[in-house]
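Heads up: the structure comes next, in structure tokens.
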Amino acid sequence: MSSLLVKVKAKISIHTHHKVRGLLEGQYGSVFKGRSLDFDDLREYIPGDDIKDIDWKATARSGQTRVKRYVAIRKHNILFVVDTGRNMAATAASGEPKKDIAVMAIGMLGYIAQKHGDLVALAAGNDTTTHYMPLKGSSSHLERMLQYVDTESRLDAPASNIARQLEYIARNIRRRMMLIIVADDLSLGPQDEQLLRRLGAQHELMWLSIGDVGMTTGSLLGDDMFDVDTGRQWPVFLRRNKQLQAEFGTAVQQRRQNTKRMLDRLRIASERITGEADVLRGIFALLERQRYAKR
């Protein structure tokens, strides 16, 4: 069995520019909240620092804005909440399997977390079951998590239903965690909003969507396309219909906007990624959104 974590590390290595180095070398602590308040030293203020950290007395003495720097002694507890129903075995907007994109995103975030001594866990499943892998900090544990997501996301798996995994957490997880939810493009309703609001009172939440392929996508219009839920084939002649394309595009855009508005209303940082090549950009955007979501 090939190592999925090795693939993740290779991808990070290829894209090791200043943003990646920043996450690996220290900016990570300013993204994930919940640090201790053990004072370390002072440094000069830089744009983006929390104004609550400004030491006004030291600023007055030096004539330059100084902020307090702290030592983080408490580990973060990060729980990946992942859809492994059959929707995750479908094709993403990039033409790749959605599960490959999910594995890459979870692997990158988990690797960065573990580099900082944080613990990671997994709650993954479908409409009928949820599998929980408890908090640990080893590379072998992260590899097992990635292998589980990869193996269980199959076309013959039960239907996707991320609400089942969220309900499992609401019932069983009492420790405060950072929940990183990795799911399909979804249409969220009032019951989902109520559940997310309940979880948000106890945990910090981030939402990462894996973008669906459109049934009217130009590069795929000549290919057979099937609905993973029903097994029904979408005929090519229907998908080439201009009116259908327009109506479908409008409906999809409306659904995404409704979901985004709900998550914004709940102050849950969210991002949508469409392929493996889009994962790093999506992670940076998600972490930046999370950094300011609670302000």
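Legend: residues meeting salt bridge (Lys or Arg N to Asp or Glu O under 4.0 Å) with D184, ordered by chain and number and at least two apart, are K98. Residues satisfying the salt bridge (Lys or Arg N to Asp or Glu O under 4.0 Å) test with E276, not counting sequence neighbours, are K7.
For the residue pair S160 and M88, the shortest heavy atom distance occurs at OG-N, 4.1 Å. The minimum heavy-atom distance between H203 and I169, with the atom names listed, is NE2-CG2, 4.1 Å. Among all heavy-atom pairs drawn from V149 and T84, the shortest one is CA-CG2, 4.0 Å.
Rounded to the nearest 0.5 Å, atoms CD (E193) and CG (L195) are 11.0 Å apart.
Using a 4.5 Å heavy-atom threshold, the side chains of E271 and M206 count as separate. With contacts defined as side-chain heavy-atom distances shorter than 4.5 Å, the pair L266/L205 does not qualify.
Crowding of R171 atom CZ: a count of heavy atoms from other residues, nucleotides or ligands under 6.0 Å exceeding 12.
Side chain of R289 to main chain of S270: a donor-acceptor pair is present (N/O by atom type, distance under 3.5 Å, no hydrogens or angles).
Partner of D83 under the side-chain contact (heavy atoms from CB on, under 4.5 Å) criterion, out of I210, I162, L186: I162 alone.
We find that R261 and D264 are not joined by a salt bridge, their nearest charged nitrogen and carboxylate oxygen being 4.0 Å or further apart.
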